[in-house]
Number of protein chains: 2
Amino acid sequence: MQNSAFKRGSTEPEPSPMHRGTNQSGMREHNERLVLSLVRRHGSLAKSDIARMTRLSAQTVSVIMRQLEKDGFLLRRPPQRGRVGQPSIPMALNPDGAYFIGLKIGRRSAELVLIDFVGGIRSTHRLPYRYPDPGTAVDFVASSIRELRTALTPEQDSRIAGLGIAMPFQLWNWADAAGAPRMVMDEWRHRDIRSDIQALCDFPVYLDNDATSACGAELVFGKSNDLRDFVYFYIGAFAGGGIVLDGRLYSGPTGNAGALGSMPVPGPNGAPVQLIDLASITVLEKALDAADRDASPLWSSPQDWGDLGPELDIWVEKAGTALAYAIVSAASVIDFEAAVIDGWMPAAIRQRLVEAVSHALPRIDAEGLNLPTVREGTIGVNARAMGAASLPLSERYLVGAMSLPTNV
Amino acid sequence: MQNSAFKRGSTEPEPSPMHRGTNQSGMREHNERLVLSLVRRHGSLAKSDIARMTRLSAQTVSVIMRQLEKDGFLLRRPPQRGRVGQPSIPMALNPDGAYFIGLKIGRRSAELVLIDFVGGIRSTHRLPYRYPDPGTAVDFVASSIRELRTALTPEQDSRIAGLGIAMPFQLWNWADAAGAPRMVMDEWRHRDIRSDIQALCDFPVYLDNDATSACGAELVFGKSNDLRDFVYFYIGAFAGGGIVLDGRLYSGPTGNAGALGSMPVPGPNGAPVQLIDLASITVLEKALDAADRDASPLWSSPQDWGDLGPELDIWVEKAGTALAYAIVSAASVIDFEAAVIDGWMPAAIRQRLVEAVSHALPRIDAEGLNLPTVREGTIGVNARAMGAASLPLSERYLVGAMSLPTNV
DNA sequence: CAATAATAAATAAGAGTGAGTTATTTATTG
DNA sequence: CAATAAATAACTCACTCTTATTTATTATTG
C-alpha cells in the first residue's frame with residue numbers, strides 16, 4: 001500500500017520527469033552548493049583550500065565565495081598565520097545565513113523547531129496528544145509558525161528557506177489500537193498533509209519518512225559527515241532507518257528507502273520476523289508492562305530512563321542481535337562504510353545497544369561481505385525534528401538529492 | 001577481507017578524493033552524455049525531442065547533436081512525416097561510434113568479447129581451464145586483443161574506447177578445492193589484475209564484480225531501461241547481484257555493492273544461511289551428483305539443459321523462495337521498482353525461476369514495504385562479458401557512475 | 001485544386017554569463 | 001630582502017540562450 005503523501009514535493013511543478021541539461025546558471029549553482037557543502041563538512045576553509053579541493057581556479061572560487069559572503073552565507077574567521085606566505089582567511093558558515101523549520105509528526109506528539117544554518121535550535125513548539133489527527137496538526141503548525149515568525153526580524157523572516165515534515169510511513173497502520181479512532185487514522189491515509197502545510201507557507205515544503213529524516217540530521221548536522229555511505233537506524237516507538245549514498249540522503253523512488261523496520265530477521269523460534277518486532281521501544285514497553293514495571297519513563301524522559309531492571313537487559317540483547325542481522329542484510333545490498341544507530345533513548349542505553357550489536361555482528365555469517373563499522377548516532381532524541389529541517393537545507397544548499405545541476 | 005583489485009580504476013590518477021567543481025567543458029560533456037543516454041534509452045529521438053526533454057534550448061541541442069553526428073556517434077534516420085510542420089529527423093546511435101572490450105574471468109573459463117556502441121557482439125574469444133591462473137589469463141587477454149585488433153581497420157581500432165573486466169569478488173575463496181592449487185589461487189589475492197591488463201592497453205581499463213557487471217549489461221543493453229532503480233540477480237555457478245540507482249549502476253564505495261549472494265535467508269532447518277547456499281547452480285549440480293544424474297549440461301549447454309528430473313524442480317522451488325526473501329530484504333534497504341533475475345541457464349528455466357519467486361513473494365511478511373515487481377533478465381548467458389564491456393561505455397558516454405560533471 | 005495559412009523543426013547570428021589564464025598585489029616566514 | 005602563498009584584477013574563451021530566419025510539411029479556403 002502506497003502513501004500518496006509520500007511523493008516528495010517542492011513548491012514548483014516539475015513537468016519533466018527526465019534528466020535535464022546543464023547551463024551556466026546550473027553550473028554556478030552547482031559550484032556554490034559545492035562550496036557550501038565543503039565548508040559545512042570541514043567547519044571552515046580558506047578560498048585556496050576550496051580551489052584545491054574542487055579543482056576550480058582560485059579566481060573562480062574567489063568570485064563565488066565573495067558573493068556567498070556578501071549574501072550572508074559565509075563569515076570570515078581570524079587569519080591563520082604561522083606558515084610561509086600570506087595568511088589564509090578561513091571562511092565558515094554564517095549561522096544566520098538561512099533558517100529552516102522542522103516538523104515532526106509522531107504517534108504521541110508533534111514537534112516544530114526553527115533551526116539556523118548550522119543546526120542550532122532557535123525555537124521549539126510541542127503538541128502532545130493521545131493520537132494524531134490531521135486537522136489539529138495543521139492548526140498547530142499554523143499557529144506555531146505565526147508565533148515564531150513574529151519573533152523574527154523581517155530580515156531573519158525573509159531568510160526562512162523551507163520547511164520539512166518528518167512523519168512515519170503509513171502512520172495509520174501502526175496506530176495504537178487503544179486510543180485512536182479508526183476514522184481519524186484513516187484520514188491520514190487520504191490527506192495530502194504536505195500540500196495542506198504548503199498552503200500556509202511561502203517557502204517550499206518537503207516531506208519524508210521520520211527515520212529517513214533523522215538520518216538526514218545525522219548527515220547534515222552530526223559528526224558522521226566523514227562518511228560517504230552509511231546505513232542509519234533510528235530506534236523510536238518503532239524501529240526505522242535511512243540510507244546515505246555518496247554523501248547524500250537517499251530516499252528512493254517512492255520515498256520508502258531505508259524501511260529497515262520491515263527487514264526480515266531471525267525470530268525467537270527460528271521463523272523470520274520483522275526488525276520492528278524486536279528492536280522497537282514499544283517491545284521494551286510491553287515487556288515492562290508484562291513485568292508490572294512502570295514503562296512511562298520510556299516516553300516522558302528520554303534523557304534518563306532510570307532503572308528498568310532485567311527487562312531492559314533482555315531487550316538490549318535481543319534488539320542488538322536483530323540489528324546485527326539487519327546490518328548484515330543491508331551490507332549485502334550496499335557495502336556501507338558504517339552503520340549508525342541512534343534513537344529515542346538515553347545516551348548510555350544507546351551505547352549499550354551499539355555494544356550489543358558489535359558483539360552480535362561477528363557471530364553472523366558474513367562471508368563475502370565488507371561489514372560496516374558500528375557507530376553511535378550523534379544527534380539523539382531531537383534527530384527527527386532536526387532532520388525534518390535538514391530536508392529543505394539539503395535540497396537548496398547542498399549538493400544533494402536531485403543534485404545534477406539543472407536549468408533555472 | 002578486502003580485494004585490493006577491487007578498487008575501480010581508470011587510466012588517470014584521481015588525486016582529489018573530494019567533489020569537483022564544474023566548468024564549461026564539464027557542462028558540455030554532461031550535456032553530450034545526456035543526449036547519448038536519452039537516445040540510447042529511446043532508440044531514436046529528434047533534436048527537438050531532446051530539447052523538450054532536457055529543457056535545453058533547441059539551438060544548443062542542435063549544436064551538440066550535429067557535433068555528435070560529425071564525430072560518428074549519431075546517425076540520421078528517415079524523416080518522420082505525417083504531422084503538421086517540418087518533418088523531424090530522428091537520430092539514432094551509430095553502432096560503429098565506439099567499440100568496447102569485455103573480459104569475463106570465471107571459475108571455469110575466461111571470455112573476451114568486442115562489442116559495438118549498441119551492444120552487438122563483433123567477436124568472441126574463449127579460454128576454458130580447470131582453474132583460473134593470473135598469468136595465463138593475462139596472456140589470453142594479450143593475444144586475444146592483438147588478434148581482434150588486427151581484424152579492425154585503423155579507423156575502427158582507434159574507436160576502441162575501453163576495456164572492462166568482470167570477475168567474481170574474492171575469486172580465491174570460492175575456488176573449487178578439487179582442482180585448484182592453493183598457491184595459484186592465492187596469487188589472485190595479491191595481484192592487481194586490472195593494472196596488469198591496463199599495461200597492455202592504450203585505453204582505460206575498469207574492473208567490477210561479475211554479477212554487478214552483468215547488471216550493467218541489463219541496464220545499458222537490456223530492455224530494463226525503463227527502470228530507474230532495480231535490484232538484479234545473476235544466477236551463475238554462484239548467485240550474485242547488482243544494484244541500479246537513479247538509472248546508474250551503483251557499485252559502492254568498495255565495489256562490493258549488490259553482494260546479494262551473501263544475503264542471510266532462512267535455511268532448511270530454520271537457521272539462516274546465505275543466498276549463495278540455496279540459489280547457486282553449484283547447489284543444483286551437487287543435487288544432481290547425489291542423485292547420480294549427469295550434471296555436465298549445466299556448464300556445457302546453458303541454452304538447453306535437457307531433462308534434469310525432480311532435482312531441478314526442487315532446486316527451482318528452493319532457490320525461488322530464497323530469492324524471494326533476498327528481495328524482501330533488499331526492498332527494506334531500497335524501495336526498488338523491480339527485481340530482475342537472470343543467469344547462466346536456459347530461458348525456460350529462468351522463466352520458471354521467476355514464477356517460483358513471484359509465487360513465494362506474497363507469502364513473506366512485507367508489511368510496510370513497497371515490493372518490487374519481479375522480471376526476467378533480457379540478456380542471458382552473455383551478461384557478464386557484455387556487462388564488462390558496458391563498464392567503459394557507461395563511464396565514458398552515459399550520465400553515470402561518477403556523473404557529476406567535472407573539470408577537464 | 002491551387003494558393004495561402006498554420007505549424008513545427010532546424011539553423012544562424014549575436015548577446016550574455018561564468019570559468020580559465022595571466023599578471024599583480026598583499027602579507028607573511030626564512 | 002628573497003621566497004612563498006593567498007587573494008584579486010583584467011581579459012580571454014567556451015558554451016548556452018535569445019531572437020530572428022529558413023525550410024518542409026499539413027490544414028484551410030475561395
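Small disclaimer: the values here were computed from a predicted structure and weren't measured. All chains are named by letter (A, B, ...) in the order of the sequence lines, taking the proteins before the strands, and each is independently numbered beginning at 1. Atoms considered below: every heavy atom in the structure, side chains included; atoms not considered: hydrogens, waters and symmetry mates.
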Check: B/Glu32 side chain, B/Leu68 main-chain N or O, donor-acceptor pair, under 3.5 Å: no

A/Gln59 side-chain proximity, nearest of D/dA24, C/dT21, C/dT11: C/dT21

Euclidean distance, atom CD of residue B/Gln24 to atom P of D/dT12 [Å, nearest integer]: 16 Å

Nearest-nucleotide pick for B/Arg28, side chain only, options being D/dT26, D/dC15, D/dC17: D/dC15

side-chain N/O A/Asn31 vs C/dG18 OP1/OP2, d < 4.0 Å: no

Minimum-distance nucleotide (side-chain atoms of A/Ala46 versus C/dA10, D/dA7, D/dC15): D/dA7

Among C/dG20, C/dT11, C/dT17, the nucleotide that comes nearest once only the side chain of A/Thr60 is considered: C/dG20

Gap between atoms CZ and C1', on A/Arg55 and C/dG18 respectively (whole Å): 20 Å

Phosphate contact (D/dA6 OP1 or OP2) by A/Arg52 side-chain N/O below 4.0 Å: yes

Spacing between B/Leu56 atom CG and C/dA9 atom P, to the nearest angstrom: 16 Å

Rounded distance [0.5 Å steps], CG in B/Leu75 versus CD1 in B/Ile89: 13.0 Å

Side chain of B/Arg81 - closest among D/dC17, C/dA12, D/dT25: D/dT25

Whichever of A/Val61 and B/Lys47 has its nearest DNA chain C nucleotide further upstream toward 5': B/Lys47

Plane angle bin for A/Tyr397 and A/Phe117 - parallel if under 30°, tilted between 30 and 60°, otherwise perpendicular: perpendicular

Polar side-chain atom of B/Asn31 near backbone of B/Arg28 as donor-acceptor pair, under 3.5 Å: no

Cation over ring face, B/Arg40 and B/Phe221, 6.0 Å, 45°: no

Nearest to side-chain heavy atoms of B/Ala58, which nucleotide of C/dT11, D/dA6, D/dT8: C/dT11

Nearest-angstrom distance from the residue atom CG of B/Leu74 to P of C/dA10: 13 Å

Euclidean distance, atom CE of residue B/Met27 to atom P of C/dG20 [Å, nearest integer]: 11 Å

D/dA14 phosphate, OP1 or OP2, under 4.0 Å from B/Asn23 side-chain N/O: no

Closest to the A/Val84 side chain, choosing from D/dA7, C/dA19, D/dT4: D/dT4

Candidates C/dG18, D/dA7, C/dT11 - which lies nearest the side chain of B/Ser62: C/dT11

Whole-Å distance separating the CD atom of B/Glu29 from the P atom of C/dA19: 17 Å

Ring-face cation of B/Arg396 near B/Phe100 (centre distance under 6.0 Å, axis angle within 45°): no

D/dA7 OP1/OP2 closer than 4.0 Å to side-chain N/O of A/Ser48: yes

Of the listed nucleotides D/dT25, D/dT8, C/dA10, the one nearest the side chain of B/Gln86: C/dA10

Separation of atom CZ in A/Arg83 from atom P in D/dA7, rounded to whole Å: 11 Å

Side chain of B/Ser57 (C-beta onward), nearest among C/dG20, D/dA7, D/dT18: D/dT18

OP1 or OP2 of D/dA7 under 4.0 Å from side-chain N/O of A/Arg66: no

Atom-pair distance (CD1 on B/Ile64; C1' on D/dC15), nearest Å: 9 Å

